[in-house]
Amino acid sequence: MIELFKSSFSDHIISVEESDMPTIVIKKSSVLPVLTRLFKEFNVQFLTDLCGIHFPDQTPPVLGVVYHLHGLVANQRLRIKAFTPVSDPSFPSVTSLYSSANWMERETYDFFGIIFEGHPNLKRILNEDSMDYFPMRKEYPLEEASRTDKNDAMFGRESQS
């Protein structure tokens, strides 16, 4: 699968990893063309999962989307990743290919602030509409620094004080 992907999509690939499943990092601009071609020509027609990722400690771009795909005919799984700067958190919607992407893209928007251009109803799905931040981005401390009502040692951590 990796060799086929490399030969078919060489202009779109940033990197290739072999782990629990083949993982391909592609250019953000390649998301829709690559997924469309995988769907139509390679029968990769099941979107298992779509989620956001945020790696603020890595070299930019740090905000991304992961697509877990499954070709049921050949029983092949594939992970596609694409990244973007936090200053431009937009990706094309893949709801035209995978109807299951609808809620997954909404959830990713809700928690990571990634805007899916062309999505039919992109709005918060789990959090309050009044929230002005995206809670899964790693821009905030895990806990409020002023908390004094718990003992960090009880949670396997050294005390911050």
Side-chain angles (χ1 to χ4, degrees), residues 2 5-6 8-39 44 46-70 77-147 150 152 155-158 160-161:
I2 293 283
F5 198 94
K6 284 181 182 177
S8 299
F9 300 100
S10 61
D11 295 344
H12 304 284
I13 295 173
I14 294 173
S15 67
V16 177
E17 307 165 17
E18 186 68 52
S19 57
D20 56 332
M21 74 174 74
T23 302
I24 317 292
V25 180
I26 63 173
K27 299 172 187 172
K28 173 182 160 179
S29 60
S30 300
V31 168
L32 200 53
V34 166
L35 293 185
T36 300
R37 193 157 167 223
L38 283 170
F39 187 93
V44 180
F46 184 63
L47 177 67
T48 307
D49 191 24
L50 179 158
C51 61
I53 50 178
H54 184 215
F55 297 127
D57 296 333
Q58 84 177 14
T59 305
V62 300
L63 193 61
V65 176
V66 179
Y67 304 87
H68 287 158
L69 305 167
H70 194 155
R77 297 176 347 150
L78 181 64
R79 179 185 297 126
I80 304 287
K81 295 180 184 179
F83 290 91
T84 189
V86 173
S87 60
D88 179 24
S90 64
F91 280 85
S93 175
V94 295
T95 55
S96 61
L97 293 173
Y98 304 102
S99 59
S100 63
N102 190 322
W103 282 41
M104 291 184 234
E105 288 181 350
R106 285 180 62 189
E107 181 181 45
T108 301
Y109 163 72
D110 194 3
F111 285 101
F112 289 90
I114 296 172
I115 298 164
F116 291 94
E117 296 177 9
H119 189 281
N121 188 24
L122 191 63
K123 62 181 182 179
R124 290 194 181 268
I125 192 168
L126 295 170
N127 291 309
E128 294 287 330
D129 290 334
S130 62
M131 287 180 70
D132 60 352
Y133 63 95
F134 303 102
M136 292 299 287
R137 285 195 190 174
K138 298 175 184 168
E139 300 168 338
Y140 312 101
L142 286 175
E143 298 185 39
E144 186 180 342
S146 65
R147 282 194 64 178
K150 66 173 199 60
D152 279 343
F155 298 94
R157 295 180 266 174
E158 296 295 323
Q160 301 292 324
S161 50

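Below, all heavy atoms of this structure are taken into account, side chains as well, without hydrogens, waters or symmetry copies. If you read the sequence from its start, that first residue is 1, and numbering goes on from there.
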(request) For residues Ser93 and Gly118, report the shortest heavy-atom separation together with the two atoms involved. (result) CB-C, 3.8 Å

(request) Report the C-alpha distance between Arg124 and Asp129 in whole Å, list the side-chain angles of each, state the deciding distance to 0.1 Å, and finish with yes or no for salt bridge (charged side-chain N to carboxylate O under 4.0 Å, His left out). (result) CA-CA 6 Å; Arg124 290 194 181 268; Asp129 290 334; 5.5 Å; no

(message) Once rounded to the nearest 0.5 Å, what's the spacing between atom NE2 of His119 and atom CD1 of Ile114?
(response) 13.0 Å

(message) Could you check whether any side-chain heavy atom of Val65 comes within less than 4.5 Å of a side-chain heavy atom of Ile53, counting everything from C-beta outward?
(response) no

(request) Would you mind telling me which of Ile80, Leu69, Val66, Val94 makes a side-chain contact (heavy atoms from CB on, under 4.5 Å) with Leu50? (result) Val94

(request) Using the six-membered ring of Tyr109, assess whether NZ or CZ of Lys123 lies under 6.0 Å from its centre and within 45 degrees of the ring axis. (result) no

(request) Please examine the side chains of Leu32 and Leu97, heavy atoms only from C-beta on, and report whether any two atoms are closer than 4.5 Å. (result) yes

(message) Quick check against the 3.5 Å criterion: does Arg79 have a side-chain atom that pairs as donor or acceptor with the backbone of Pro22?
(response) no

(request) For Phe91 and Glu117, run side chain to side chain contact (heavy atoms under 4.5 Å, CB included): C-alpha distance rounded to whole Å, both residues' side-chain angles, the deciding distance at 0.1 Å, then the answer. (result) CA-CA 6 Å; Phe91 280 85; Glu117 296 177 9; over 6 Å; no

(request) Could you grab the distance from atom CG of Asp110 to atom CE of Met131, nearest 0.5 Å is fine? (result) 7.0 Å

(request) Could you walk me through whether Glu107 and Leu126 pass side chain to side chain contact (heavy atoms under 4.5 Å, CB included), step by step? (result) CA-CA 7 Å; Glu107 181 181 45; Leu126 295 170; 3.8 Å; yes

(message) Any non-hydrogen side-chain atom of Pro89 less than 4.5 Å from a side-chain atom of His54?
(response) no

(message) To the nearest 0.5 Å, what is the distance between CZ on Arg106 and CZ on Phe111?
(response) 12.0 Å

(request) Verify, without hydrogens or angle tests, whether Thr84 (side chain) and Ala82 (backbone) share a donor-acceptor contact under 3.5 angstrom. (result) no

(request) Kindly indicate whether the side chain of Ile125, heavy atoms from C-beta on, has any atom under 4.5 Å from the side chain of Trp103. (result) yes

(request) Give me the ring orientation class for Tyr98 and Phe39: parallel if the planes are under 30° apart, tilted from 30 to 60°, perpendicular past 60°. (result) perpendicular

(message) Less than 4.5 Å apart, side chain to side chain, heavy atoms only: is that true for Val31 and Tyr67?
(response) yes

(message) Is it the case that over 12 heavy atoms from other parts of the model lie below 6.0 angstrom from the CD atom of Glu18?
(response) yes

(message) Show, in sequence, the C-alpha distance, side-chain angles and deciding distance for Asp11 and Lys27, and conclude whether the salt bridge (charged side-chain N to carboxylate O under 4.0 Å, His left out) test is met.
(response) CA-CA 9 Å; Asp11 295 344; Lys27 299 172 187 172; over 6 Å; no

(message) I'd like to check Glu105 versus Thr95 (side-chain heavy atoms, cut-off strictly below 4.5 Å). Are they in contact?
(response) yes

(message) Let me confirm one number: the CZ-CZ distance from Phe134 to Phe112, rounded to the nearest 0.5 Å.
(response) 11.5 Å

(request) First locate atom OG of Ser8, then atom CD1 of Ile13, and finally report the distance between them rounded to the nearest 0.5 Å. (result) 9.0 Å

(message) Do Thr48 and His68 pair up side chain to side chain, a donor and an acceptor below 3.5 Å, judged on atom types alone?
(response) no

(message) Would Arg37 pass as a cation-pi partner of Phe9, given that its NZ or CZ must be under 6.0 Å from the six-membered ring centre and within 45 degrees of the axis?
(response) yes

(message) Any donor-acceptor pair under 3.5 Å linking the side-chain atoms of Asp88 with those of Ser90?
(response) yes

(request) Give a yes or no on whether the backbone of Val34 and the side-chain of Ser30 come within a donor-acceptor separation of less than 3.5 Å. (result) no

(message) A side-chain contact here means heavy atoms from C-beta on lying under 4.5 Å apart; do Asn102 and Pro120 qualify?
(response) yes

(message) Does this structure show an ion pair linking Asp57 with Lys138, if we count only N-O contacts that are shorter than 4.0 Å?
(response) no

(message) Applying side chain to side chain contact (heavy atoms under 4.5 Å, CB included) to Val62 and Val86, what does each step give before you reach the verdict?
(response) CA-CA 7 Å; Val62 300; Val86 173; 3.5 Å; yes

(request) Please round to the nearest 0.5 Å and tell me the distance separating atom NE2 of His70 and atom CG of Asp49. (result) 14.0 Å

(request) Using a 4.5 Å cut-off on heavy atoms from C-beta on, say whether the side chain of Glu17 contacts that of Ile24. (result) no

